[in-house]
There are 2 protein chains.
Amino acid sequence: MTSDAVPAHAPLELENFLPYRLSILSNTVSQSIAEEYTGRFELSMTEWRVMAVLARFADLSAREVAERTRMDKVAVSRALARLVEAGRVDRSIHDGDKRRSVLKLSEAGWAIHDEVAPLAREHERELLARLDVAEREQLNRILDKLLAP
Amino acid sequence: MTSDAVPAHAPLELENFLPYRLSILSNTVSQSIAEEYTGRFELSMTEWRVMAVLARFADLSAREVAERTRMDKVAVSRALARLVEAGRVDRSIHDGDKRRSVLKLSEAGWAIHDEVAPLAREHERELLARLDVAEREQLNRILDKLLAP
DNA sequence: GATTTATAGTTTCACCTGTAACCATTTGCA
DNA sequence: TGCAAATGGTTACAGGTGAAACTATAAATC
């Protein structure tokens, strides 16, 4: 039996490494939702996120959309260009500040939103169905803590 | 006061929508770890993931790396090309199956691993420091359930 | 044993992404 | 007022990414 002179390496156990587990879970969930709307509506995930924010908060500027979605402002700018082009978002210019845009869902945008939102909620429901009531509360509390600034 | 003839839209409350919260958390965490090694070691996130898997399980094939990292096989192929080129991974050919490659970290690869791994663990520690012991156990149990196939 | 089918891995293509540079407008301040 | 600094948003560039096609090898079937 050889003595262990050289200290052993200490590889991460990825399967127990929290950042890794979060990444796998998040990608799996987001992608399974995205699969449902990308095909049906020619809607990218970033576009959907922008629409979801505008559904909840009207008359935001592009910068505010970026803040709320935590997306890059360039990504938002491009998503908005496509959404406006497709007639899903109405863009006007802010009174008194010609740099700011004022954004809201169009009728067509709302129509899509009203189909996609329940679908997204259904996925969330399926995911949460794996947990009991106590666990759901725990998860919410834990996420609140981990997401706090 | 106008009567509400048209049914109201029901926008998602993104800030309480589980898939969205998971996505924000996962991106924030992964990126803050990545910031530490991308600059210092010219190492992309996908490359690091490949290295982490090869640290834990030697002599995998590219396909097995893809399975374990849950990355696309094309992404793995390219990450491996860069890692082999940089001398961080040794690639040989499987005895008895000339299609398979046999991958392992090189000395240089291990040296980098041994610097990055503690750094990643430290980030995990900082994140978990926001939770008490009970919450950490709860989180683990919950993630086990949500990640089960 | 020859031929079809499956598998490992790479390349191509079309697109998405972030960083940095940029333009227009507004704000701060001397 | 005039001018520097800050801000909202877009564009250019340099990668990174997945789907599909492709090459090489192995396994299955006849």
Q: If you look at every heavy atom in A:Ala34 and A:Met45, which pair is closest and at what distance?
A: CB-SD, 4.3 Å
Q: Whole Å only: how far is the NZ atom of B:Lys73 from the P atom of D:dA24?
A: 15 Å
Q: Please work out whether the ring planes of B:Tyr37 and B:Trp48 are parallel, tilted or perpendicular, with thresholds of 30° and 60°.
A: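 Geometry flag for B:Trp48 against B:Tyr37: tilted rings.
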Q: Strictly below 4.0 Å: does B:Ser77 bring a side-chain N or O up to OP1 or OP2 of C:dG9?
A: no
Q: For the pair made of CD in A:Glu42 and C1' in C:dC15, what is the distance, rounded to whole Å?
A: 13 Å
Q: Whether B:Arg68 and A:Glu15 form a salt bridge (side-chain N of Lys/Arg under 4.0 Å from carboxylate O of Asp/Glu) is what I want to check.
A: no
Q: Report the distance from atom CD1 of B:Ile93 to atom P of C:dA8, rounded to the nearest whole Å.
A: 15 Å
Q: Is the closest basic N to carboxylate O distance between A:Arg125 and A:Glu122 below 4.0 Å?
A: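 A:Glu122 and A:Arg125: salt-bridged.
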Q: Please give, in whole Å, the distance from C:dT17 P to B:Met45 CE?
A: 14 Å
Q: Taking NZ, NE, NH1 and NH2 as the nitrogens, is one of them in B:Arg40 or B:Glu36 under 4.0 Å from a carboxylate oxygen of the other?
A: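 Salt bridge between B:Arg40 and B:Glu36, a charged N being under 4.0 Å from a carboxylate O: yes.
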Q: Do A:Arg99 and A:Ser61 get their side chains close enough for a donor-acceptor pair, meaning under 3.5 Å?
A: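 Distance-only check fails for A:Arg99 and A:Ser61.
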Q: Tabulate protein N/O versus nucleotide N/O from nucleotides 2-7 of chain C, keeping only pairs under 3.5 Å, one per line.
A:
| from | atom 1 | to | atom 2 | distance (Å) |
| --- | --- | --- | --- | --- |
| C:dT7 | O2 | B:Arg99 | NH1 | 2.6 |

Q: State whether B:Ser101 places a side-chain N or O below 4.0 Å from either non-bridging phosphate oxygen (OP1 or OP2) of C:dA8.
A: no
Q: Hey, are B:Asp144 and B:Arg141 close enough for a salt bridge, meaning a charged N less than 4.0 Å from a carboxylate O?
A: no
Q: Could you list the protein-to-nucleotides 16-18 of chain D atom pairs, N/O on both sides, closer than 3.5 Å?
A:
| from | atom 1 | to | atom 2 | distance (Å) |
| --- | --- | --- | --- | --- |
| D:dG18 | N7 | B:Arg78 | NH2 | 3.0 |
| D:dG18 | O6 | B:Arg78 | NH1 | 3.4 |
| D:dG18 | O6 | B:Arg78 | NH2 | 3.3 |

Q: In the structure I gave you, are the side-chain heavy atoms of B:Arg100 and B:Ile93 within less than 4.5 Å of one another anywhere?
A: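 SC-SC contact between B:Arg100 and B:Ile93 ruled out.
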Q: Without decimals, in angstroms, what is the distance between B:Lys98 NZ and C:dG9 P?
A: 15 Å
Q: By nearest atom, which of the nucleotides C:dT25, C:dT10, D:dG9 is closest to the A:Arg91 side chain?
A: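 The closest nucleotide is D:dG9.
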Q: Salt-bridge test for B:Asp59 and B:Lys104: reply yes if a basic N is under 4.0 Å from a carboxylate O, no otherwise.
A: yes
